[in-house]
2 protein chains.
Amino acid sequence: MLDYEGNLDRVFQALADPARRGIVERLSRGPASVSELAHPLDMTLAAALQHVQVLERSGVLTSRKVGRTRTCELELAGLDLAAKWIASRRALWERRLDRLDELLRDEATDGSDEAE
Amino acid sequence: MLDYEGNLDRVFQALADPARRGIVERLSRGPASVSELAHPLDMTLAAALQHVQVLERSGVLTSRKVGRTRTCELELAGLDLAAKWIASRRALWERRLDRLDELLRDEATDGSDEAE
DNA sequence: CTCATAGTCAAGCATCAACTTAACTATTAG
DNA sequence: CTAATAGTTAAGTTGATGCTTGACTATGAG
């Protein structure tokens with residue numbers, strides 16, 4: 001667990017930008033070059049590249065340069081990190097609600113009247 | 001779908017901060033007052049309140065004020081929004097990999113030699 | 001070789017975000 | 001009533017972000 005917190009920071013931060021989520025959506029349909037990613041975003045290549053770099057540092061994509069084009073591909077590690085953190089908090093919360101529910105049920109059957 | 005994109009911005013942005021994730025972790029174990037949330041974070045009440053407000057605007061928590069204390073509780077809507085967005089991109093990606101796999105398998109059996 | 005393409009790097013700039021402090025408003029305890 | 005508690009608001013500081021432009025570096029096409 002190398003800098004788990006920092007990685008979470010980076011992934012959530014990366015996904016907080018609509019342009020970067022747009023890149024992820026595009027990549028979820030298959031690999032693409034930086035230019036292809038830049039085009040629908042209505043921004044310069046330089047800006048798109050910066051987004052790609054942010055996503056790469058956060059583990060959401062990987063890229064290789066072949067000739068003069070850099071091809072980007074989705075990497076699940078980043079998304080998984082975020083998904084697991086969320087799932088884990090959600091689980092704790094629901095488990096707590098279950099215990100609460102159980103407790104209330106117990107008190108009810110322990111009390112004066114119990115239906116059926 | 002009222003400003004779906006904006007809501008995603010807010011949720012991911014909210015979770016990008018370690019202090020706010022700390023609040024979520026605390027709340028996943030049960031409700032707490034703003035002071036209780038502020039204490040382990042080593043920051044002023046005012047700062048903690050600001051984090052609470054960010055989380056509330058993003059749908060990650062709800063709060064009610066009773067007397068002079070404000071009690072915060074986890075709200076799954078925010079976490080779910082983020083979780084579903086991630087799950088959806090992940091699903092697209094995996095489906096694509098499956099199709100690719102299938103395609104390669106077809107070409108192999110269609111080709112010259114097929115072992116076993 | 002010569003030009004266009006695809007990307008990269010480095011400033012520079014306009015916001016935005018995360019605090020802080022200070023002043024102020026209920027509540028509640030004594 | 002008087003004080004302490006819990007929160008709220010506003011203003012200001014500092015540092016991070018998202019872009020842009022301009023200069024420069026491969027690569028690929030004619």
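A note on names: the letters A, B, ... follow the listed sequences, proteins ahead of strands, and every chain is numbered from 1. When reading the values below, keep in mind they use all heavy atoms of this one structure, side chains included, and skip hydrogens, waters and symmetry mates.
- In this structure, B:Tyr4 and B:Leu81 have side chains that are in contact, with non-hydrogen atoms separated by less than 4.5 Å.
- The nearest whole Å value for the distance from the CG atom in B:Leu45 to the P atom in D:dA4 is 17 Å.
- In this entry the distance linking CZ of A:Arg10 with C1' of D:dT17 reads 16 Å, nearest Å.
- Side chains of B:Trp85 and A:Glu25: a donor-acceptor N/O pair is present below 3.5 angstrom, by distance only.
- The nearest whole Å value for the distance from the CG atom in B:Leu15 to the P atom in C:dA17 is 15 Å.
- A:Arg21 places a side-chain N or O within 3.5 Å of a backbone atom of B:Glu5 that can act as its donor or acceptor partner.
- For DNA chain D, the residues of residues 20-44 of chain B within the heavy-atom distance limit of 4.0 Å (strictly under) are B:Ser33, B:Val34, B:Ser35, sorted by number.
- A heavy-atom distance below 4.0 Å to DNA chain D is reached by these residues of residues 49-70 of chain B, ordered by number: B:Leu49, B:Gln53, B:Lys65, B:Arg68, B:Thr69, B:Arg70.
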Kindly indicate, with the supporting measurements, whether the criterion side chain to side chain contact (heavy atoms under 4.5 Å, CB included) is fulfilled by A:Leu79 and A:Leu15. CA-CA 9 Å; A:Leu79 291 185; A:Leu15 297 179; 3.9 Å; yes
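- For the pair B:Glu56 (side chain) and B:Ser63 (backbone), a donor-acceptor distance under 3.5 Å is present.
- One atom, CD of B:Gln13, and another, C1' of C:dA18, lie 11 Å apart when rounded to the nearest Å.
- The environment of CG in A:Asp42 is sparse: at most 12 heavy-atom neighbours from other residues, nucleotides or ligands sit within 6.0 Å.
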For a side chain to side chain contact (heavy atoms under 4.5 Å, CB included) check, start with the C-alpha distance between B:Arg64 and B:Glu73, then their side-chain angles and the critical distance, and finish with the verdict. CA-CA 9 Å; B:Arg64 285 159 296 146; B:Glu73 192 166 336; 3.7 Å; yes
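- The side-chain contact (heavy atoms from CB on, under 4.5 Å) search around B:Ala14 returns B:Arg20, B:Val54, B:Leu55, B:Ser58, not counting sequence neighbours.
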